[in-house]
Amino acid sequence: MSDMYIRVAEEENEEPMEIPSEDDGTVLLSSVAAQFPGACGLRYRNPETQCMRGVRLVEGVLHAPENDWGNLVYVVNYPKDNKRKMDEIESAVKVKRGFQKTSDLIVLGLPWKTTEQDLKDYFTTFGEVIMVQVKRDTATGNSKGFGFVRFTDYETQTKVVSQRHMIDGRWCDCKLPNSKSSPDEPMRSRKIFYFMQYGEVTDVFIPKPFRAFAFVTFADDQVWPSDK
DNA sequence: GTTGAGCGTT
């Protein structure tokens, strides 16, 4: 009985992992938790009733149903609190995918000759454009050498802000404007949830101006993404 | 008729 393993998976349809049992046929919860951090128990689907059943757990020791682990795949239980966090992660992902607002971007370094049509033609190659502006002297009509652009999709905005742009022969920069009309930055608290699955987050730093990356500090010095 | 870091007449 010293070389027995039971098969355990994160979810019913996922790749099982073999977890060693003890000499008396039990399995230590700590053995499960070593492979599935945060685990608080096991469950399995009863072949007769097709219902999920919990595995008996007494003082950190998991006991085989009917004194035989059989060839079943056991599924890891996590505390409800963890489940709640996972829901928050999923909703945060939805926020990123669907409800992220765009803002006007300032375009610096434009050639004097560049028109709004030129700007629209250029930026449309990245994605759908809501509007473009070239700022001009009201008296002369001459370009001031900068303008604004707004995109439909936040993904497009992120892409555009993260690189430089060759427009009519000059390198230009797109940034979030300092001044008005930027309904941004309620994202700090949301972004944290992306990393909560990897460990406790102690700090999040998002560079200003926005440069499409950020620094996340963990309490633990060894955090790795799960390999799914 | 010029210029080259910045921040938006409506």
Side-chain angles (χ1 to χ4, degrees), chain A residues 85-221 223-225:
Chain A
K85 285 176 184 171
M86 288 304 291
D87 290 342
E88 285 175 358
I89 291 169
E90 282 173 18
S91 68
V93 169
K94 281 177 191 161
V95 166
K96 182 180 159 65
R97 290 212 183 119
F99 303 111
Q100 192 69 275
K101 283 189 199 165
T102 62
S103 41
D104 292 358
L105 301 176
I106 188 166
V107 189
L108 269 0
L110 288 176
W112 311 118
K113 63 170 189 176
T114 297
T115 67
E116 295 187 344
Q117 187 61 53
D118 294 333
L119 274 192
K120 182 153 191 176
D121 291 344
Y122 173 76
F123 283 118
T124 301
T125 64
F126 290 87
E128 187 181 340
V129 170
I130 295 177
M131 74 87 195
V132 290
Q133 292 177 337
V134 172
K135 290 304 169 187
R136 299 176 181 279
D137 185 289
T138 44
T140 68
N142 292 334
S143 168
K144 290 184 176 175
F146 71 95
F148 291 89
V149 61
R150 185 154 190 166
F151 295 97
T152 306
D153 298 322
Y154 191 78
E155 288 71 20
T156 310
Q157 170 172 325
T158 303
K159 169 76 173 166
V160 166
V161 170
S162 65
Q163 69 169 73
R164 305 244 290 154
H165 301 273
M166 178 60 73
I167 301 176
D168 290 338
R170 269 182 63 93
W171 284 112
C172 302
D173 293 300
C174 294
K175 303 177 182 175
L176 288 178
N178 299 328
S179 52
K180 56 170 187 174
S181 75
S182 289
D184 277 301
E185 294 289 352
M187 318 191 316
R188 280 181 80 94
S189 60
R190 289 179 188 157
K191 288 215 165 190
I192 293 172
F193 291 124
Y194 287 111
F195 299 97
M196 281 176 60
Q197 60 188 310
Y198 301 142
E200 184 187 349
V201 174
T202 57
D203 187 46
V204 175
F205 174 72
I206 303 176
K208 285 185 188 175
F210 182 67
R211 289 195 284 162
F213 65 85
F215 297 99
V216 179
T217 307
F218 293 94
D220 200 310
D221 64 353
V223 283
W224 295 101

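Computed from a predicted structure; not experimentally measured. Protein chains get the first letters and strands the later ones, always in sequence-line order, with residue 1 at the start of each.
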ask   = Could you give the CZ-to-P distance, from A:Arg136 to B:dT10, as a whole number of Å?
value = 17 Å
inquiry  = Heavy atoms only, 4.0 Å cut-off, all strands: where does A:Leu105 land among base, sugar-phosphate and nothing?
reply    = nothing
ask   = Given atom CD1 of A:Ile130 and atom P of B:dG8, what is their separation to the nearest angstrom?
value = 21 Å
message = Distance check needed: B:dA5 C1' versus A:Arg170 CZ, whole Å only.
response = 10 Å
ask   = Would you say the base of B:dG8 and the side-chain of A:Asp104 have a donor-acceptor pair closer than 3.5 Å?
value = yes
ask   = Is there side-chain contact between A:Arg150 and A:Thr102, with at least one heavy-atom pair below 4.5 Å?
value = yes
ask   = Restricting to pairs with a member in residues 159-169 of chain A, which pass salt bridge (charged side-chain N to carboxylate O under 4.0 Å, His left out), not counting sequence neighbours?
value = A:Arg164-A:Asp173
message = Going by ring pair (Phe, Tyr, Trp, His ring centres under 6.0 Å), name the pairs with one or both residues in residues 134-153 of chain A, residues two or more places apart or in two chains.
response = A:Phe123-A:Phe151
request  = Indicate the atoms forming the closest heavy-atom contact of A:Pro111 with A:Cys172, along with that distance.
outcome  = CD-SG, 4.4 Å
query = Whole Å only: how far is the CG atom of A:Asp173 from the C1' atom of B:dA5?
reply = 11 Å
request  = Using a 4.5 Å cut-off on heavy atoms from C-beta on, say whether the side chain of A:Val149 contacts that of A:Leu119.
outcome  = no
key: Sub-4.5 Å side-chain heavy-atom contact between A:Ile167 and A:Asp118   = no
Whole angstrom value for the distance that separates P of B:dT9 from CD of A:Gln133 = 8 Å
query = In whole angstrom, what separates A:Lys113's NZ from B:dT2's P?
reply = 14 Å
task = Taking A:His165 for its side chain and A:Cys174 for its backbone only, find out whether a donor-acceptor pair lies under 3.5 Å.
result = no
For atom CG of A:Leu110 and atom C1' of B:dC7, their distance in whole Å = 13 Å
request  = For A:Met131 and for A:Pro111, locate the closest nucleotide of DNA chain B by heavy-atom distance; then report the residue assigned to the nucleotide nearer the 5' terminus.
outcome  = A:Pro111
note = On DNA chain B, more 5' by nearest nucleotide between A:Lys135 and A:Trp112 is A:Trp112
query = Nearest-Å distance, CZ (A:Arg150) to P (B:dC7)?
reply = 20 Å
ask   = What residues in residues 140-149 of chain A put a non-hydrogen atom under 4.0 Å from any atom of DNA chain B?
value = A:Lys144, A:Gly145, A:Phe146, A:Phe148
